[in-house]
Amino acid sequence: MKIAIVSGASEGPTELNAFDNALYEAGIGDVNLIKVSSMLEADTKVEKLPKLKAGSMVNCVLSSLTSNKKGDELIACIAVAIGEELGCVVETNGINKDPEEVKDEAIEMVKYMMDKRDVKIRELIVEESHHTVKEIGSAIASVIYIREDIIEKE
């Protein structure tokens, strides 16, 4: 299994447009995202996001947050833990929270999931997106499940 971990943040004239712009900034704005739960195979490899075919159906774990309140501090966070037997992903977010608190929450949740399954963590990765709302803003962080059929061939 291959995954990519991405994040983005942006503004837009509407909440939908702000969210779409954040997805585009993260490199996943031209695909259809299918939210899945949070499990990874044992041999999962983290790679750079390849160029995806426009319109592809792409599995993901997604943390997103959008606000139209000027000055709000948005934090979207993903934590990935990979072990020998399997891996887990968690998503969390916060508005006007300490970014370290949000990050720590994600780490604790993913550690708990791995402990519950009695799997030792081999690799732990955290990805965050921060954004201060000017008018209407959005922040996203995501794990993208990469399959050969969704990669744009050059």
Side-chain angles (χ1 to χ4, degrees), residues 1-68 74-95 99 102-103 105-117 119-133 136-154:
M1 174 179 276
K2 297 176 188 176
I3 62 170
I5 304 169
V6 299
S7 61
S10 194
E11 292 278 317
T14 68
E15 289 186 7
L16 176 68
N17 294 127
F19 174 66
D20 181 61
N21 289 342
L23 293 174
Y24 188 78
E25 183 181 291
I28 55 175
D30 294 338
V31 298
N32 297 294
L33 299 175
I34 303 166
K35 282 185 167 185
V36 297
S37 60
S38 49
M39 302 311 297
L40 302 172
E41 294 176 1
D43 62 347
T44 297
K45 303 286 185 252
V46 180
E47 299 186 351
K48 182 179 174 204
L49 182 69
K51 181 163 176 46
L52 303 176
K53 289 180 188 174
S56 294
M57 305 300 273
V58 178
N59 293 329
C60 74
V61 175
L62 179 68
S63 172
S64 67
L65 198 54
T66 302
S67 173
N68 61 8
L74 309 179
I75 302 117
C77 186
I78 290 277
V80 178
I82 301 171
E84 296 301 322
E85 297 86 8
L86 57 82
C88 294
V89 180
V90 300
E91 72 278 356
T92 192
N93 57 52
I95 297 178
V102 175
K103 180 180 175 180
E105 178 183 33
I107 291 169
E108 288 307 310
M109 287 191 294
V110 82
K111 283 182 176 178
Y112 175 85
M113 289 175 72
M114 295 292 277
D115 285 346
K116 182 77 173 168
R117 291 162 173 80
V119 177
K120 185 177 180 202
I121 297 173
R122 177 173 39 96
E123 186 176 7
L124 179 65
I125 304 162
V126 178
E127 178 84 13
E128 304 164 75
S129 178
H130 302 255
H131 183 71
T132 303
V133 176
I136 302 173
S138 187
I140 69 103
S142 184
V143 168
I144 302 298
Y145 292 73
I146 302 170
R147 300 182 324 268
E148 289 302 316
D149 65 311
I150 65 171
I151 299 173
E152 181 71 49
K153 303 297 181 211
E154 310 259 337

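In this chain, numbering begins with 1 at the start of the sequence shown.
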>> For the CD1 atom of I146 and the CG atom of N59, what is their distance to the nearest 0.5 Å?
In response: 12.0 Å
> Hey, which of V31, D149, I34 is the one that makes side chain to side chain contact (heavy atoms under 4.5 Å, CB included) with M57?
Replying inline: I34
> Do you know which of K120, R122, R117 makes salt bridge (Lys or Arg N to Asp or Glu O under 4.0 Å) with E84?
Replying inline: R122
> Given S10 and E25, is the side chain to side chain donor-acceptor pair (under 3.5 Å) satisfied, shown in steps?
Replying inline: CA-CA 7 Å; S10 194; E25 183 181 291; 4.9 Å; no
> Heavy atoms, side chains only, cut-off 4.5 Å: are V90 and M113 in contact?
Replying inline: yes
> Quick one: NZ on K51 to CD1 on I150, what's the gap to the nearest 0.5 Å?
Replying inline: 12.5 Å
> Can E15 and T66 be said to form a side chain to side chain donor-acceptor pair (under 3.5 Å), step by step?
Replying inline: CA-CA 6 Å; E15 289 186 7; T66 302; 6.0 Å; no
>> Any non-hydrogen side-chain atom of Y145 less than 4.5 Å from a side-chain atom of V58?
In response: no
>> With a 4.5 Å cut-off on side-chain heavy atoms, are L65 and I75 touching?
In response: no
> How close do V133 and I136 get, heavy atom to heavy atom, and via which atoms?
Replying inline: CG1-N, 4.0 Å
> Closest heavy-atom contact between L74 and G137?
Replying inline: CD1-O, 3.5 Å
>> Is it the case that over 12 heavy atoms from other parts of the model lie below 6.0 angstrom from the NZ atom of K111?
In response: no
>> Walk me through whether E91 and M109 qualify under side chain to side chain contact (heavy atoms under 4.5 Å, CB included).
In response: CA-CA 9 Å; E91 72 278 356; M109 287 191 294; over 6 Å; no
> Taking C-beta and beyond as the side chain, do V89 and I78 meet within less than 4.5 Å on heavy atoms?
Replying inline: yes
>> I need the minimum non-hydrogen distance between S138 and A22, along with the two atoms involved.
In response: O-CB, 3.8 Å
> Of the non-hydrogen atoms in L86 and M39, which two are nearest, and what is the gap between them?
Replying inline: CD1-CE, 3.8 Å
>> I need the minimum non-hydrogen distance between S129 and A9, along with the two atoms involved.
In response: OG-CB, 3.5 Å
>> With rounding to the nearest 0.5 angstrom, report the CD to OG1 distance, E11 to T132.
In response: 9.0 Å
> Hey, does the side chain of S142 reach the backbone of V61 with a donor-acceptor pair shorter than 3.5 angstrom?
Replying inline: yes
> Can you check whether G55's main-chain N or O pairs, donor with acceptor, with N32's side chain at less than 3.5 Å?
Replying inline: yes
> What's the spacing between D20 CG and T14 OG1 if we round to 0.5 Å?
Replying inline: 9.0 Å
> Which pair of heavy atoms, one from K53 and one from E152, lies closest together, and at what distance?
Replying inline: CA-OE1, 3.6 Å
> Given side chains that start at C-beta, do those of V110 and C88 come closer than 4.5 Å, heavy atoms only?
Replying inline: yes
> So V126 and C77, side chain to side chain contact (heavy atoms under 4.5 Å, CB included) or not? Walk me through it.
Replying inline: CA-CA 7 Å; V126 178; C77 186; 3.7 Å; yes
> To the nearest 0.5 Å, how far apart are CD1 in I95 and NE2 in H131?
Replying inline: 12.0 Å
>> Working to the nearest 0.5 angstrom, can you tell me the gap between I5 CD1 and I125 CD1?
In response: 4.0 Å
> Quick one: does I28's side chain get under 4.5 Å of C60's, heavy atoms only?
Replying inline: no
> Salt bridge between K45 and E123, side-chain N to carboxylate O under 4.0 Å?
Replying inline: no
> Any side-chain heavy atom of T44 within less than 4.5 Å of one from V80?
Replying inline: no
>> With a 4.5 Å cut-off on side-chain heavy atoms, are Y112 and K116 touching?
In response: yes
